Amino acid sequence: MKVDKIFDSFIENNLFKNKNILQANYTPEDIPHRDAQIEQVANVLAPVLRGERTSNLFIYGKTGTGKTLSVQYVRNKLFGRLEKMDNGVNLKIEYINCKLKKVADTEYRILAELISKLGGSVPATGLPTDQVYSRFIDLIEQEKQLIIIILDEIDQAMQKIPDSFLYNLTRLNSELVNSQIGIIGISNDLTFLDSIDPRVRSSLGEEEIVFPPYNAIQLQEILKKRSEDAFLKGVLQDGVIAKCSALAAREHGDARRALDLLRIAGELAERRGQKKIKIEHIDEANEKIEKDKIIDIVETEPKQFKLVLLAIINLTERRKLEKIFTGDVYDYYNGLCKKAKIEILTQRRVSDIIAEFDMLGLINARVVSKGRYGRTRQIKLAIPSRLLEKVKGILTEALVL
DNA sequence: CGAGATTCATGTGAAGTATACCTTTAGGCTTAA
DNA sequence: AAGCCTAAAGGTATACTTCACATGAATCTCGTA
């Protein structure tokens with residue numbers, strides 16, 4: 001039986017001791033090279049142990065530099081300590097990732113998400129925002145408690161969220177009687193605080209911590225440590241870890257990426273029934289990660305976005321090396337819409353959609369002035385050519401429906 | 001020949017609109033006493 | 001009379017449109033050397 005064979009080889013060829021250790025959300029017992037930052041975080045959060053409000057904290061650092069991890073770590077420690085002390089401090093720490101589309105990328109949705117995490121519920125739409133605020137306050141005020149809100153990747157959502165949101169949040173404390181809240185903002189963009197209202201800045205940035213990227217050597221150490229517990233002995237070929245860290249170091253020292261690489265390489269080797277993880281597997285894993293990421297983005301994009309993307313792809317193929325501008329894309333997009341009998345969006349909107357693709361990294365677009373011939377975006381596709389067919393498949397399939 | 005003025009094609013901000021959805025309220029109907 | 005359902009009224013968020021103005025370098029214009 002084929003299925004049995006698959007199962008058999010799965011059990012026999014297990015390379016992993018504990019795969020979770022390589023998963024992104026795993027919080028290890030110690031975190032190398034982040035001692036200073038963790039200390040700082042702990043310093044800021046320590047007052048909760050006496051039931052006092054914490055300063056608001058702002059954390060900067062590129063993806064995969066251990067920001068979330070460190071905060072999570074301190075959080076766990078705090079809870080552990082509180083339990084031991086048993087002094088009646090009621091602490092809640094809620095983590096919200098503002099990047100998640102359709103979940104927490106607007107003021108309303110972040111609040112709604114927060115409320116539902118705290119055990120309340122609000123409808124997805126229809127409520128006036130200030131009423132959502134008051135529901136939120138009611139909910140918190142029900143009992144005496146300290147609440148720490150972690151807003152991860154707020155820079156991603158900040159174009160959609162008015163400055164006033166953070167301001168309101170920081171000011172909420174003055175209206176609260178029973179409870180106090182503290183905010184931890186996490187941002188990938190180092191210039192983020194510069195771009196917001198000075199009043200918000202001063203209240204939000206009471207404390208600031210910067211997480212520098214890991215270098216290749218540090219990455220290696222991290223990987224080594226984790227892989228010892230994650231894999232069985234001797235399944236890693238020499239040089240695999242070095243390769244992983246080198247690849248990830250190239251990507252601004254992204255430890256998460258490095259761990260993903262290792263894990264997926266392991267899965268690939270395992271699935272093939274191989275006994276060792278080799279360097280080729282890393283390369284393959286690298287491709288797979290990139291591929292999955294892009295495919296995932298493309299698949300979850302709304303219909304109109306898909307059309308625009310398809311227009312860009314087709315134009316790129318047709319034009320070869322010629323440059324593509326917004327106007328060209330719009331014309332082509334128009335044709336596609338007519339063919340697919342889908343309503344046509346305005347150029348204004350398409351312009352915004354193109355800008356969003358740029359943000360997502362599916363294309364590179366920059367505004368150029370062509371002098372006498374106007375100003376436009378110069379668009380270049382950023383999807384690797386080996387994925388194009390697959391992406392096109394997804395797009396065209398979606399258009400038929 | 002060079003400094004300004006012009007120009008184009010679109011970027012970009014603000015305000016308005018359509019849609020989908022929410023709460024509240026008031027009536028109308030049912031039910032049970 | 002109490003309880004429940006429904007529809008209407010009043011309101012919002014979101015995605016999109018409409019309107020209007022902003023941009024910035026290639027090109028044009030025209031005075032000057």
Side-chain angles (χ1 to χ4, degrees), chain A residues 96 98-116 120-139 151 154-169 195-197 297-312 315-316 319 322-338 340-360 362-381 398-399 401:
Chain A
I96 289 193
C98 305
K99 198 178 67 178
L100 296 175
K101 269 200 165 185
K102 304 279 180 192
V103 177
D105 58 351
T106 66
E107 176 178 21
Y108 186 97
R109 298 211 260 238
I110 289 177
L111 272 175
E113 182 67 13
L114 211 46
I115 290 174
S116 79
S121 76
V122 280
T125 168
L127 243 49
T129 311
D130 48 353
Q131 200 168 338
V132 181
Y133 270 105
S134 57
R135 281 207 193 185
F136 180 59
I137 292 173
D138 286 350
L139 187 65
L151 296 171
I154 25 178
D155 49 329
Q156 298 282 325
M158 231 19 216
Q159 332 150 358
K160 288 193 175 179
I161 303 173
D163 269 7
S164 54
F165 173 61
L166 292 175
Y167 187 61
N168 287 342
L169 220 48
S195 63
I196 58 178
D197 193 311
I297 292 176
V298 172
E299 263 175 351
T300 54
E301 220 59 26
K303 193 169 57 186
Q304 292 287 2
F305 283 59
K306 285 181 178 166
L307 267 172
V308 175
L309 186 58
L310 186 61
I312 295 173
L315 272 177
T316 308
R319 297 284 186 84
E322 256 180 275
K323 288 170 179 158
I324 299 173
F325 304 108
T326 305
D328 307 332
V329 174
Y330 188 66
D331 287 345
Y332 196 98
Y333 158 82
N334 244 301
L336 280 179
C337 281
K338 278 188 194 135
K341 297 218 171 82
I342 292 172
E343 71 230 92
I344 304 167
L345 297 183
T346 41
Q347 182 153 340
R348 176 72 185 80
R349 182 69 185 134
V350 171
S351 172
D352 281 349
I353 292 176
I354 292 174
E356 279 196 46
F357 281 151
D358 189 32
M359 289 276 297
L360 285 171
L362 291 178
I363 60 173
N364 292 316
R366 72 199 164 91
V367 184
V368 293
S369 182
K370 292 187 295 168
R372 179 73 176 63
Y373 304 103
R375 222 163 88 94
T376 180
R377 278 200 180 85
Q378 203 179 94
I379 297 162
K380 219 174 77 199
L381 203 57
L399 295 182
L401 297 177

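Because the structure is a prediction, the values reported are computed rather than measured.
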Decide yes or no for [X] and [Y]: does some side-chain heavy atom of the first lie under 4.5 Å from some side-chain heavy atom of the second?
{"X": "A/K370", "Y": "A/T376", "answer": "yes"}
{"X": "A/T326", "Y": "A/Q378", "answer": "no"}
{"X": "A/F357", "Y": "A/I379", "answer": "no"}

>> Any base atoms under 4.0 Å from A/I344, or only sugar-phosphate, or nothing? Heavy atoms, all strands.
In response: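 Result for A/I344 = sugar-phosphate.
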
> Rounding to a whole Å, what distance do you find between A/Q378:CD and C/dT23:C1'?
Replying inline: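 Rounding to the nearest Å, CD of A/Q378 and C1' of C/dT23 are 17 Å apart.
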
> In whole Å, what is the span from the CD atom of A/Q304 to the P atom of C/dA15?
Replying inline: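 Spelled out: CD on A/Q304 to P on C/dA15 is 13 Å.
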
> Does A/R319 have any salt bridge (charged side-chain N to carboxylate O under 4.0 Å, His left out) partners at least two apart in sequence or in another chain, and if so, which?
Replying inline: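 Residues passing salt bridge (charged side-chain N to carboxylate O under 4.0 Å, His left out) with A/R319: A/D328.
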
> Which parts of nucleotides 8-19 of chain B does protein reach within less than 4.0 Å, heavy atoms only, written one letter per nucleotide 5' to 3' as B for base, S for sugar-phosphate only and - for none?
Replying inline: BBSSBB------

Donor-acceptor contacts, no H, no angles, side chain residues 342-351 of chain A, under 3.5 Å, sequence neighbours left out:
{"unit_1": "A/R348", "atom_1": "NH1", "unit_2": "A/D352", "atom_2": "OD1", "d": "2.9"}
{"unit_1": "A/R348", "atom_1": "NH1", "unit_2": "A/D352", "atom_2": "OD2", "d": "3.2"}
{"unit_1": "A/S351", "atom_1": "OG", "unit_2": "A/R377", "atom_2": "NH1", "d": "3.1"}

> Are A/S369 and C/dG24 close enough that a side-chain N or O sits under 4.0 Å from OP1 or OP2?
Replying inline: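 No.
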
> Roughly how far, to the nearest 0.5 Å, is the OH atom of A/Y333 from the CD atom of A/Q304?
Replying inline: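 Between A/Q304 CD and A/Y333 OH, I get 3.5 Å after rounding to 0.5 Å.
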
